Engineer: 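This is the structure I want to talk about, given as structure tokens.
Everything numeric here is computed off the predicted structure, so don't read it as measured data.
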Amino acid sequence: MDSLSGPYLNNKALCSTLGAARICQLAMGCAVIAMATHSAGYSGSHGVFCMAAWCFCFAMSVLVFFLDATHLHSVLPISWDNLTVTCAAVATLMYVTASVVYPLFFVRSECPYAGCEVRDFRIAVTVCSILGTLAYGAEVALCRARPGQIVAGYMATASGLLKVVQGFVACIIFGALVNGSQYSTYAATIYCVIVYAFCFALTVLVVIMTVCRRTKAICCMSFDRFVVVCTLMEVLLYLSASVVWPVFCFDSKYGSPFRPSSCPQGKCPWDSKVVVAVFSFVNLGLYVADLLYSQRIRFVSARVPTNSRV
């Protein structure tokens, strides 16, 4: 055994502020999954979504922690810093959603027929989920690039983190579209769906290129200029979709400006159309903010040592 090769385990992954945040993520994830499967319950589509989100984030955290602690990430052809901050941002958004959805549909002030034990477990699941959200948010805050700081990880910048939020909001839009939104009624609404899908694909492409270290010159332009061009295109497309979708869904000539009284709760196409319209404007604002932040970014493609954060 070569004693000069250095420790096999990464001490910073265990004994640092970032390591503490990741250990907290694992602890809260394990607690949430155990209590939900033991007594709290997660029946129905909303419960299954929350459990899927918690399990996905827990598996992702286990993998990240294991690769970081064992230095095995160094053999992978990826940008480790970009990957970890992207995973933390995705997990934060998923935990936020689960922390809102689960108590909304499962926690009641009065005790259910099964007794107060079930209610107490559900409250505990909600609390642990909120703590897990804070743990993931802490990792994002620790990894985020500070103003004036030169970083090689694009995903650690405000623009990179906005890319994650844009993709997450797009997934909400897709969920509303497939939930009886009747988007195929008009060619204009089909155009909006194409816009949402195209912008989502562009956003995912930028994230994948960054994580996989494919940030060299693209089509005779630098990577940061390529990001700005893509973002400007997305702003223009979302601007058009944010105008077209409400017109063809809520104008009296094409749809209904008011919710029909006969619409069933939870399965009303009008509700899905409202969700799509609202989050279209949300994503438009995110893309505009992204475009403004992108103007100030000068991407550093040189490779820097990983695990330099504490």
Side-chain angles (χ1 to χ4, degrees), residues 45-46 49-50 52-53 56-57 86 89-105 133 136-137 140 158-207 230-251 254-260 263 265-294:
S45 58
H46 298 96
F49 164 77
C50 293
F56 174 78
C57 295
T86 302
V90 170
T92 301
L93 294 172
M94 295 187 73
Y95 256 76
V96 166
T97 306
S99 298
V100 172
V101 171
Y102 190 83
L104 188 64
F105 288 92
T133 303
Y136 283 110
V140 174
S159 180
L161 294 174
L162 282 172
K163 285 282 186 287
V164 178
V165 182
Q166 291 159 10
F168 188 80
V169 172
C171 290
I172 297 176
I173 293 176
F174 293 144
L177 285 172
V178 300
N179 190 28
S181 64
Q182 301 175 343
Y183 64 85
S184 60
T185 306
Y186 302 104
T189 52
I190 294 176
Y191 160 78
C192 293
V193 175
I194 294 174
V195 167
Y196 300 141
F198 178 74
C199 293
F200 176 74
L202 267 185
T203 300
V204 172
L205 176 64
V206 171
V207 174
C230 289
T231 307
L232 177 60
M233 188 186 308
E234 291 162 336
V235 167
L236 296 176
L237 288 173
Y238 252 92
L239 179 62
S240 64
S242 299
V243 173
V244 171
W245 181 269
V247 170
F248 280 84
C249 289
F250 306 115
D251 187 86
Y254 305 102
S256 173
F258 304 103
R259 189 181 192 276
C263 240
Q265 189 70 26
K267 294 183 179 180
C268 182
W270 194 87
D271 294 342
S272 298
K273 293 175 182 178
V274 170
V275 172
V276 173
V278 170
F279 281 97
S280 293
F281 283 103
V282 170
N283 236 3
L284 174 61
L286 292 173
Y287 279 115
V288 171
D290 188 6
L291 184 63
L292 297 176
Y293 277 115
S294 298

Engineer: So how far is it from Thr231 OG1 to Lys163 NZ, rounded to the nearest 0.5 Å?
Structural biologist: 3.5 Å
Engineer: Does the side chain of Tyr186 reach to within under 4.5 Å of the side chain of Cys249, using non-hydrogen atoms?
Structural biologist: no
Engineer: Roughly how far, to the nearest 0.5 Å, is OH of Tyr95 from SG of Cys50?
Structural biologist: 11.0 Å
Engineer: Measuring from Tyr287:OH to Thr203:OG1, what's the distance to the nearest 0.5 Å?
Structural biologist: 3.0 Å
Engineer: Stepwise, does the side chain to side chain contact (heavy atoms under 4.5 Å, CB included) test hold for Val274 with Val278?
Structural biologist: CA-CA 6 Å; Val274 170; Val278 170; 4.1 Å; yes
Engineer: State, to 0.1 Å, how close Ala170 and Phe200 come at their nearest heavy-atom pair, and which atoms those are.
Structural biologist: CB-CD1, 3.6 Å
Engineer: Could you tell me whether the side chain of Met94 reaches within less than 4.5 Å of the side chain of Tyr136, counting heavy atoms only?
Structural biologist: no
Engineer: As an exercise, state the distance from CG of Leu93 to CZ of Phe168, rounded to the nearest 0.5 Å.
Structural biologist: 5.0 Å
Engineer: Just verifying a value: how many Å separate Cys230 SG and Leu291 CG, rounded to the nearest 0.5 Å?
Structural biologist: 11.5 Å
Engineer: Specify the closest pair of heavy atoms between Thr92 and Gly137, including all atoms of both residues, with the distance to one decimal.
Structural biologist: OG1-N, 3.5 Å
Engineer: Should Val282 and Tyr238 be marked as a side chain to side chain contact (heavy atoms under 4.5 Å, CB included) after you check the CA-CA gap, both sets of side-chain angles, and the distance that decides it?
Structural biologist: CA-CA 10 Å; Val282 170; Tyr238 252 92; over 6 Å; no
Engineer: Report the residues that fulfil side-chain contact (heavy atoms from CB on, under 4.5 Å) with Leu162, sequence neighbours left out, ordered by chain and then residue number.
Structural biologist: Gln166, Leu286, Ala289, Asp290, Tyr293
Engineer: Test side chain to side chain contact (heavy atoms under 4.5 Å, CB included) on Phe49 and Phe105; report intermediate values, then the result.
Structural biologist: CA-CA 12 Å; Phe49 164 77; Phe105 288 92; over 6 Å; no
Engineer: Phe250 vs Trp270, test: ring-ring contact (aromatic ring centres under 6.0 Å, His included). Steps then yes/no.
Structural biologist: CA-CA 9 Å; Phe250 306 115; Trp270 194 87; 5.8 Å; yes
Engineer: Grab the two heavy atoms, one from Ser272 and one from Ala176, that are nearest each other, plus how far apart they are.
Structural biologist: CB-O, 3.4 Å
Engineer: Please identify each residue that fulfils side-chain contact (heavy atoms from CB on, under 4.5 Å) with Leu161, with sequence neighbours left out.
Structural biologist: Val85, Ala89, Val140, Arg144
Engineer: Any non-hydrogen side-chain atom of Leu177 less than 4.5 Å from a side-chain atom of Ile173?
Structural biologist: yes
Engineer: Which distance, rounded to the nearest 0.5 Å, do you find between the OH of Tyr196 and the OH of Tyr191?
Structural biologist: 9.5 Å
Engineer: Keeping the roles fixed (side chain from Ser242, backbone from Leu239), state whether a donor-acceptor pair exists under 3.5 Å.
Structural biologist: no
